[in-house]
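The block underneath contains the structure these notes are about, expressed in structure tokens.
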Amino acid sequence: MTSIGRALLFGVIVWLIPFAVAFLIFPLRESSRPLFESIMPVAVAGATAALGIAHMARVTRGFVREGVLLGWLWLAICIALDAPLMLFGGPMHMTVGEYLSDIGVTYLIIPVITTGMGLLLARTAGSRSTGMDAT
């Protein structure tokens, strides 16, 4: 991994941004649950994309490996920070099954995005090194 400290910090921020969004729009969870449930994956995807770009911009080789590791690290960080709040006295009081089927599945967006970034970077780096367009 290019910078484990930076990756860990960004992982916390990837969790913090959607958490802050959820906090701000929490009344929607009761009044307009579909809207709340639609906003949250957008917040996760936006945070992941922005911080993924910032992290991957410093990567010079092993793009796919970096993207895969980064995504799973961030997913683990998000669950480690989030699950205790949701399962043990947080605002939602969810069961493990409810948490995994609702929030846990949403976090799968993270490695999908970072792996895609790694694949794209590998493809474009390959085309630059051969002088051919990646099609």
Side-chain angles (χ1 to χ4, degrees):
M1 185 155 269
T2 301
S3 170
I4 191 69
R6 185 176 174 90
L8 290 169
L9 174 63
F10 282 4
V12 171
I13 297 170
V14 163
W15 172 80
L16 188 59
I17 290 170
F19 182 80
V21 169
F23 183 79
L24 292 172
I25 66 167
F26 193 74
L28 285 178
R29 189 168 189 277
E30 297 302 319
S31 65
S32 183
R33 181 79 183 250
L35 180 58
F36 179 87
E37 295 296 336
S38 295
I39 292 171
M40 292 315 300
V42 173
V44 172
T48 301
L51 291 161
I53 290 167
H55 179 86
M56 296 296 284
R58 294 184 174 204
V59 177
T60 57
R61 60 185 166 81
F63 302 110
V64 177
R65 180 178 186 275
E66 187 80 16
V68 169
L69 292 175
L70 185 67
W72 288 104
L73 173 65
W74 287 357
L75 180 141
I77 289 168
C78 287
I79 290 176
L81 293 172
D82 201 53
L85 295 174
M86 300 303 149
L87 299 174
F88 308 115
M92 303 215 291
H93 302 290
M94 303 174 103
T95 67
V96 172
E98 289 169 335
Y99 176 80
L100 291 176
S101 67
D102 183 2
I103 298 169
V105 171
T106 299
Y107 284 142
L108 289 174
I109 292 170
I110 297 169
V112 168
I113 292 171
T114 59
T115 300
M117 287 179 178
L119 288 165
L120 179 62
L121 285 169
R123 184 175 181 182
T124 58
S127 70
R128 284 193 304 254
S129 66
T130 63
M132 301 175 68
D133 289 332
T135 55

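Only a predicted model underlies this, so the values are computations on that prediction, with no experimental measurement involved.
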Linked, directly or transitively: Ile109 and Leu69 (ILVMFWY side chains, under 4.5 Å): yes
Would you give me the side-chain donor-acceptor pairs under 3.5 Å for residues 77-89, sequence neighbours excluded?
residue	atom	partner	partner atom	Å
Asp82	OD1	Trp15	NE1	3.1
Asp82	OD2	Tyr99	OH	3.1
Asp82	OD2	Tyr107	OH	3.3

Return the CD1 to OG1 distance between Ile53 and Thr114, rounded to the nearest 0.5 Å. 12.0 Å
Just verifying a value: how many Å separate Met56 CE and Ile113 CD1, rounded to the nearest 0.5 Å? 12.5 Å
Name all pairs fulfilling the side-chain hydrogen bond (donor to acceptor under 3.5 Å, both in side chains) condition that reach into residues 63-75, sequence neighbours left out, sorted by first residue then second. Thr2-Glu66, His55-Glu66
Would Leu121 and Val64 show up in the same hydrophobic cluster when neighbours are defined by side-chain heavy atoms closer than 4.5 Å? yes
Indicate every side-chain donor-acceptor pair of residues 41-49 with a distance under 3.5 Å to a residue at least two apart or in another chain.
residue	atom	partner	partner atom	Å
Thr48	OG1	Val44	O	2.8

Compare every heavy atom of Ala125 with every heavy atom of Phe63, then report the nearest pair and how far apart it is. CE1-CB, 3.5 Å
For residues 37-56, pull every pair meeting salt bridge (Lys or Arg N to Asp or Glu O under 4.0 Å), keeping only residues two or more places apart or in separate chains. Arg33-Glu37
What are the two closest heavy atoms between Arg61 and Val59, and how far apart are they? O-CG1, 3.3 Å
Hits for side-chain contact (heavy atoms from CB on, under 4.5 Å) against Val112, two or more places apart or cross-chain, chain-then-number order -> none
Among residues at least two apart in sequence or on other chains, which ones pass side-chain contact (heavy atoms from CB on, under 4.5 Å) with Ile39? Val21, Ile25, Leu28, Leu35
Would you give the length of the straight line joining atom CG of Leu75 to atom CG of Leu70, rounded to the nearest 0.5 angstrom? 11.0 Å
So which heavy atom on Ala22 is nearest to which on Phe36, and how close? O-CE1, 4.1 Å
